[in-house]
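Structure first, then comments.
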Amino acid sequence: MKGRVAFVTGASQGIGRECALSLARAGARVVVGARSAEKLSELVSDIQSAGGEALAVALDVTSAESVKNAFAEAEKAFGPVEILVNNAGITKDGLSMRMSPEAWSEVLDTNLTGAFRCIQAVMRGMMKQRWGRIINISSVVGLSGNPGQANYVSSKAGLIGLTKSLSQELGSRNITVNAVAPGFIETAMTQALTEDARAAITSKIPLGKIGAPSDIAHAVCFLAADEAGYITGHTLSVNGGMYA
Ligand code: NDP
């Protein structure tokens with residue numbers, strides 16, 4: 001993917017950061033977006049000192065204005081975005097009985113609507129170029145369901161539906177749209193787990209361990225590559241076998 005322009009949302013830490021590093025290593029020019037400017041500039045330095053090309057842009061996926069500005073800045077610097085990785089995501093867990101309307105809408109607005117805003121920002125350019133890769137980071141719970149995460153699960157299942165619909169809308173323009181559904185991955189999102197919860201989860205994973213951000217980044221790079229050009233509308237599980 002030498003010289004291709006990639007945009008990774010939620011790249012300031014965890015899975016997004018690793019995806020940006022891997023895409024840059026594979027030769028892409030990577031635009032990294034999130035709200036934490038300081039973490040993004042550290043990432044850009046890391047990519048540049050490894051010989052790659054990167055640009056940090058301020059991005060809040062819940063704001064249409066911010067999305068518009070971020071993608072305009074990306075295009076001005078590097079040209080039209082060819083690979084979009086919709087990774088920005090949050091959780092606000094709680095049983096449905098007690099879930100506030102804010103907890104519901106903030107999670108849907110970030111994880112699902114945020115991804116759609118970013119897709120709309122790149123669609124036209126990809127259609128013009130007749131080449132594109134859109135990769136949505138869903139979750140194993142978007143396939144299995146999970147008590148206490150009705151908002152998050154709905155957003156992640158929604159991303160799978162969005163992936164399928166868009167693959168059908170955009171296939172004729174040589175744009176592939178796929179999802180990656182991670183299982184439990186070692187990041188800030190899972191660091192809050194107690195030792196007991198961690199042991200209980202690990203016991204249900206056939207491969208016997210929690211995954212690393214690089215496990216997801218490898219899958220994203222595979223789907224972004226030219227060689228994956230006949231795969232679209234697919235959800236790739238990367239979960240150690242915990243849900244098949
Ligand atoms: P982290 O919490 O470590 O990182 C989340 C990233 O999203 C941060 O970079 C954060 O940046 C960004 N983000 C959050 N809100 C916004 C926003 N409004 N606008 C722009 N960026 C935002 O999470 P992970 O790395 O663990 O998760 C990454 C993705 O993978 C998420 O979509 C998550 O749902 C999914 N996933 C994770 C799993 C896991 O086990 N870790 C399992 C399954 C799926 P900032 O705060 O700087 O804006």
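Atoms within a ligand are numbered from 1 in the order they appear, just like the ligands themselves. The figures here come from the full heavy-atom set of this structure, side chains too, leaving out hydrogens, waters and symmetry mates.
- Partners of Lys128 according to the salt bridge (charged side-chain N to carboxylate O under 4.0 Å, His left out) rule, which considers only residues two or more places apart in sequence or in another chain, do not exist here.
- Both Leu112 and Leu170 are part of a single hydrophobic cluster, where members link through side-chain heavy atoms under 4.5 Å apart.
- Listed by chain and number, Gly10, Ala11, Ser12, Gln13, Gly14, Ile15, Ala34, Arg35, Ser36, Leu59, Asp60, Val61, Thr62, Asn87, Ala88, Gly89, Ile90, Thr110, Ile137, Ser138, Ser139, Tyr152, Lys156, Pro182, Gly183, Phe184, Ile185, Thr187, Ala188, Met189, Thr190 each place a non-hydrogen atom less than 4.0 angstrom from ligand 1.
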Which side-chain N or O atoms in residues 8-24 pair as donor and acceptor under 3.5 Å with protein atoms at least two apart or in another chain?
residue	atom	partner	partner atom	Å
Thr9	OG1	Asn87	N	2.9
Thr9	OG1	Ala88	N	2.9
Gln13	OE1	Lys39	NZ	2.6
Arg17	NH2	Asp46	OD2	2.6
Ser22	OG	Glu18	O	3.1

Salt bridge (charged side-chain N to carboxylate O under 4.0 Å, His left out) between Arg29 and Glu82, worked out: CA-CA 10 Å; Arg29 293 179 291 156; Glu82 297 167 291; 5.5 Å; no
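- In terms of the side chain to side chain donor-acceptor pair (under 3.5 Å) criterion, residue partners of Asp93 (sequence neighbours excluded) are, by chain and number, Gln149.
- Tracing side-chain contacts under 4.5 Å through hydrophobic residues (I, L, V, M, F, W, Y), one never reaches Val44 starting from Val57; they form parts of separate clusters.
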